[in-house]
Amino acid sequence: MTEQRAFRIHNDNQGYRAGIETIPVPQPADGEVLIRVSHSGINYKDALAGTGKGKVIQRFPITGGYDAAGIVEQSRHACYKPGDAVIATGWGLGFDHDGGFADYLCVPADWLVPMPSNLEPRTSMILATAGFTAALAVHRMLLNGQQPEMGPILVTGATGGVGCIAISILSKLGFDVTAVSGKADLQSWLKGLGAKHIIGRDQLPGGDRPLEKAVWGGAVDNVGGAMLARITRTVVPYGNIASIGLAGGIALETTVMPFILRGVSLLGCNSVEVPYPLRSQLWAHLATDWRPEDLEQIVSDTVDLTSMPEVFERMLSGRIHGRILVEIGAGG
Ligand SMILES: NC(=O)c1ccc[n+]([C@@H]2O[C@H](COP(=O)([O-])OP(=O)(O)OC[C@H]3O[C@@H](n4cnc5c(N)ncnc54)[C@H](OP(=O)(O)O)[C@@H]3O)[C@@H](O)[C@H]2O)c1
């Protein structure tokens with residue numbers, strides 16, 4: 001095997017463009033591992049990168065894909081050997097280093113996590129960065145004292161990849177979850193994942209005073225902007241808000257009052273550079289006690305590399321829910 005298929009993204013004097021190309025298979029240097037990719041998944045950022053609608057890529061040309069799972073083909077690190085199943089998410093994948101939308105991925109060994117015993121490449125990529133980020137948010141909230149008795153947890157961007165997995169984890173841990181969603185037709189799907197209540201994006205209680213009636217124990221926020229600002233004003237004393245995403249905007253207009261008068265904590269979540277000990281701890285949870293009951297319920301579509309442009313457009317126009325799995329399979 002000397003050549004492979006890869007979904008390459010270019011930005012040069014011929015413009016911004018992306019598509020499948022044949023490129024050489026990289027050779028691992030000392031400390032690196034070559035993986036035969038069998039599965040990946042699609043994140044919002046993959047769609048921004050693949051279409052050029054967001055400036056997320058740091059070097060061109062690059063192979064897209066923030067996530068990958070597969071089998072070690074060659075290893076130049078003592079921790080991995082050919083045949084091992086592994087997961088790669090985060091670090092520079094897809095924006096600063098060739099990513100998972102290819103037959104092969106070559107990365108430093110310390111970017112990898114060995115496949116937990118009750119996951120395999122396909123199921124790990126149903127979770128992927130979305131599940132890992134949801135787990136990171138829950139981990140940070142628990143560490144900071146979040147308890148079910150403090151009140152319901154709001155999950156915004158509920159039908160998205162991160163949101164739907166956060167709902168599942170939180171409900172497994174005994175929290176009452178209220179999902180905020182713009183997709184009224186997916187209410188029974190959200191309830192099936194563990195949401196107790198569902199409200200529309202414009203139905204959040206509270207107004208614009210610095211402090212409004214406290215109704216939420218805490219929140220997992222994928223949306224940012226005005227929605228996050230309103231949440232800060234309506235969380236109970238010592239509740240936690242995990243800030244993950246910006247689907248609704250990057251601005252945050254609030255006051256210090258929720259923080260200094262209610263002790264509310266805003267917990268930043270960055271899934272990209274999580275050191276190995278925490279990374280493997282969160283994957284162990286995702287494989288066992290935090291694993292969604294029915295992972296298949298989360299998959300809304302399975303595609304191959306040729307479908308990328310169409311899926312990116314669907315994602316950016318808000319016409320997807322749950323997780324989109326990418327089946328690759330080296331040479332297939
Ligand atoms: N911090 C990190 O490390 C990290 C990791 C992964 C993702 N993220 C970010 O987290 C967010 C969620 O990621 P994802 O993979 O779950 O994305 P996704 O699958 O595209 O889901 C985003 C969800 O947000 C809601 N939404 C979309 N546009 C909105 C708007 N204008 N106003 C309010 N809600 C809106 C939609 O849910 P409803 O239709 O149900 O309302 C949508 O399904 C993204 O911003 C992503 O970039 C951050």
Side-chain angles (χ1 to χ4, degrees), residues 40-51 53-56 65-67 89-95 125-140 154-169 177-191 193 195 197-204 219-231 241-252 266-274 278-279 282 298-301 311-326:
S40 181
I42 302 184
N43 301 288
Y44 192 78
K45 256 175 147 182
D46 287 312
L48 291 176
T51 55
K53 288 187 178 151
K55 295 194 186 341
V56 289
Y66 284 77
D67 298 316
T89 68
W91 302 111
L93 291 183
F95 67 93
M125 287 296 104
I126 296 176
L127 296 162
T129 285
F132 182 75
T133 310
L136 177 64
V138 172
H139 165 80
R140 294 218 62 198
L154 201 62
V155 176
T156 65
T159 64
V162 178
C164 71
I165 300 171
I167 291 169
S168 177
I169 296 173
V177 180
T178 296
V180 182
S181 177
K183 300 190 184 83
D185 55 323
L186 288 174
Q187 294 211 359
S188 60
W189 182 75
L190 288 168
K191 285 196 169 156
L193 292 169
H197 303 285
I198 294 142
I199 58 178
R201 291 180 193 168
D202 53 3
Q203 289 173 335
L204 278 184
V220 172
D221 178 59
N222 294 298
V223 170
M227 198 177 284
L228 175 56
R230 179 160 294 202
I231 294 168
I241 305 166
S243 170
I244 291 178
L246 41 68
I250 59 167
L252 176 58
L266 190 58
L267 306 176
C269 296
N270 172 11
S271 62
V272 175
E273 282 159 12
V274 177
L278 178 57
R279 196 170 275 275
L282 295 178
I298 290 169
V299 183
S300 63
D301 204 353
V311 176
F312 292 161
E313 292 302 334
R314 255 197 291 153
M315 186 161 229
L316 294 179
S317 60
R319 287 179 290 128
I320 61 111
H321 69 277
R323 293 276 304 141
I324 297 191
L325 195 59
V326 185

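The chain is numbered in sequence order, starting from 1. What you see is a predicted model, and the numbers here were worked out from it, not measured in a lab. Remember, it's 1-based here, ligands and their atoms both numbered in the order they're listed.
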Spacing of R230 atom CZ and L154 atom CG [to the nearest 0.5 Å]: 11.5 Å

Test side chain to side chain donor-acceptor pair (under 3.5 Å), reference T129, set N43, D67, D46, output is D67

Students should be able to answer this: which protein heavy-atom is nearest to atom 7 (C) of ligand 1, and at what distance? V162 CG2, 3.9 Å

Using distance alone, determine whether V272 and ligand 1 share an N or O pair under 3.5 Å. no

Nearest-option assignment for atom 44 (C) of ligand 1, heavy atoms, candidates A47, S300, G245: G245

Considering only heavy atoms from C-beta outward, does the side chain of L266 approach that of L252 to under 4.5 Å? yes

Minimum side-chain heavy-atom gap M125-V326 below 4.5 Å: no

N/O of N43 under 3.5 Å from N/O of ligand 1, yes or no? no

If you scan protein heavy atoms around atom 19 (O) of ligand 1, the nearest is G161 N, 3.0 Å

L246 N/O under 3.5 Å from ligand 1 N/O: yes

Any sub-3.5 Å donor-acceptor pair from S300's side-chain atoms to H321's backbone N or O? yes

Does L228 reach the side chain of V223, with side-chain heavy atoms less than 4.5 Å apart? no

When distances are taken from atom 25 (C) of ligand 1, the protein heavy atom at minimum range is G157 CA, 3.6 Å

Of all the heavy-atom pairs spanning S271 and R279, show the shortest one and how long it is. O-NH2, 3.3 Å

Identity and separation of the nearest protein heavy atom to atom 46 (C) of ligand 1: Y44 CB, 4.3 Å

Return the residue, atom name and 0.1 Å-rounded distance of the protein heavy atom closest to atom 32 (N) of ligand 1. R201 NH1, 3.7 Å

Ignoring angles and geometry beyond distance, decide whether I244 reaches within less than 3.5 Å of ligand 1 through its nitrogen or oxygen atoms. yes

Are any side-chain N or O atoms of R140 and backbone N or O atoms of C269, one a donor and one an acceptor, separated by less than 3.5 Å? no

Do I320 and D301 come within less than 4.5 Å of each other through their side chains, counting heavy atoms only? no

Looking only at N/O atoms, are K45 and ligand 1 under 3.5 Å apart anywhere? no

Note: H321, heavy atoms under 4.0 Å from ligand 1, region reported as neither

Starting from the C-alpha separation in whole Å, work towards a yes-or-no answer on side-chain contact (heavy atoms from CB on, under 4.5 Å) for I298 and L193. CA-CA 8 Å; I298 290 169; L193 292 169; 4.0 Å; yes

If the cut-off is 4.0 Å to any non-hydrogen atom of T159, which atoms of ligand 1 fall inside it? 37 (O), 38 (P), 39 (O), 40 (O), 43 (O)

Atoms in ligand 1 with a heavy atom of T133 nearer than 4.0 Å: 2 (C), 4 (C), 5 (C), 6 (C)

Using a strict cut-off of 4.0 Å, indicate which atoms of ligand 1 neighbour a heavy atom of N270. 3 (O)

Numbering the atoms of ligand 1 from 1, which are under 4.0 Å from a heavy atom of S181? 38 (P), 39 (O), 40 (O), 41 (O)

Would you check whether A130 has a nitrogen or oxygen atom less than 3.5 angstrom from a nitrogen or oxygen atom of ligand 1? no

Minimum non-hydrogen distance to atom 41 (O) of ligand 1, winning option of G41, A184, G182: G182

Taking the side chain as every heavy atom from C-beta outward, state whether H139 and L278 have any pair of such atoms under 4.5 Å apart. yes

In a table with atom names and distances, give each donor-acceptor pair under 3.5 Å that connects a side chain of residues 158-169 to protein atoms at least two apart or in another chain.
unit_1 : atom_1 : unit_2 : atom_2 : d
T159   : OG1    : K183   : NZ     : 2.8

Please state which option from A247, S317, A134 has its nearest heavy atom closest to atom 31 (N) of ligand 1. A247

Decide yes or no for N222 and Y44: does some side-chain heavy atom of the first lie under 4.5 Å from some side-chain heavy atom of the second? no

Just distances here: any N/O of S271 and N/O of ligand 1 closer than 3.5 Å? yes

Check ligand 1 against G160 and write out every atom of the ligand that is under 4.0 Å from a heavy-atom position of the residue. 16 (O), 18 (P), 19 (O), 21 (O), 43 (O)

Show the atoms of ligand 1 that are less than 4.0 angstrom away from any heavy atom in C269. 1 (N), 2 (C), 3 (O)

Nearest-0.5 Å distance that lies between atom CG in D221 and atom CG in L267: 12.0 Å

Closest protein heavy atom to atom 42 (C) of ligand 1, given as residue, atom name and distance to 0.1 Å: K183 NZ, 4.0 Å

